[in-house]
Amino acid sequence: MIKQFNDHAANERTYLAWLRTGIAIIAFGFVLERFDIFLHTLVKTLGADKVQHIGHGGREAGLALVFVGVVTLAVATWRFAVTSRKISSEQVIIYDPRNALRLGILIVALGVFVLGYMTRLLFSAH
């Protein structure tokens, strides 16, 4: 039997959830980048005189999301290893929620950025 198996299993489940999250962020970034290419192709097909303006930055936003997804995977892997060592340690460690709060703030900022980008696309196309 593995000592503190429940804690290690919970750590692994959390790690797998973060891996899924990182992969989802990468996939969303890829879709956003491809959507920008689709919009520019649509503008060229319709002709520049029929569409006033299409926003730029989708490619950069998509690449930024792919980068954030890769960083998420790296940080998740690092945290899994650190937490695994802490679980196996006999030392008492006080929980610090600041990292979770920082991550929450980053995700909210990312959501606001994507919302702003999509809003700009919708209003600039009219």
Side-chain angles (χ1 to χ4, degrees):
M1 183 76 179
I2 298 173
K3 188 176 180 183
Q4 297 169 322
F5 175 77
N6 288 339
D7 294 332
H8 284 290
N11 185 34
E12 188 172 342
R13 285 190 301 273
T14 302
Y15 175 57
L16 293 173
W18 276 109
L19 290 181
R20 286 189 301 271
T21 301
I23 291 168
I25 293 170
I26 291 170
F28 183 64
F30 182 77
V31 168
L32 188 60
E33 194 265 339
R34 293 293 154 190
F35 184 68
D36 189 60
I37 290 172
F38 167 74
L39 287 178
H40 288 288
T41 303
L42 184 66
V43 166
K44 287 180 184 178
T45 303
L46 293 176
D49 56 330
K50 295 182 181 176
V51 177
Q52 291 177 351
H53 177 69
I54 249 341
H56 295 283
R59 183 172 217 166
E60 292 80 10
L63 291 174
L65 284 173
V66 169
F67 177 75
V68 168
V70 169
V71 170
T72 300
L73 295 175
V75 170
T77 301
W78 175 76
R79 283 191 49 109
F80 171 74
V82 168
T83 303
S84 183
R85 272 185 261 136
K86 287 179 180 179
I87 291 170
S88 296
S89 165
E90 297 297 325
Q91 181 183 2
V92 176
I93 300 168
I94 297 173
Y95 175 70
D96 184 11
R98 287 182 288 184
N99 286 335
L101 292 173
R102 286 183 193 118
L103 181 62
I105 290 169
L106 177 66
I107 291 171
V108 167
L110 186 61
V112 168
F113 171 75
V114 170
L115 178 66
Y117 173 73
M118 296 304 286
T119 303
R120 191 181 78 190
L121 276 179
L122 288 174
F123 287 117
S124 67
H126 288 103

Let me have the donor-acceptor pairs involving side chains of residues 9-20, under 3.5 Å, with sequence neighbours excluded, atom names and distances please.
unit_1 : atom_1 : unit_2 : atom_2 : d
Asn11  : ND2    : Phe80  : O      : 3.2
Thr14  : OG1    : Ala10  : O      : 2.9
Tyr15  : OH     : Thr77  : OG1    : 3.0

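- Expressed to the nearest 0.5 Å, how far CD of Gln4 lies from CD of Glu90 amounts to 6.5 Å.
- Remark: of the listed residues Val66, Leu73, Val68, Val68 is the sole one forming a side-chain contact (heavy atoms from CB on, under 4.5 Å) with Ile25.
- The two residues His8 and Lys3 come nearest to each other via the heavy atoms CD2-O, 3.5 Å.
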N/O donor-acceptor pairs under 3.5 Å from side chains in residues 94-113, not counting sequence neighbours:
unit_1 : atom_1 : unit_2 : atom_2 : d
Asp96  : OD1    : Arg98  : N      : 3.3
Asp96  : OD1    : Arg98  : NE     : 3.0
Asp96  : OD2    : Arg98  : NE     : 3.0
Asp96  : OD2    : Arg98  : NH2    : 2.7
Asn99  : OD1    : Arg102 : NH1    : 2.7

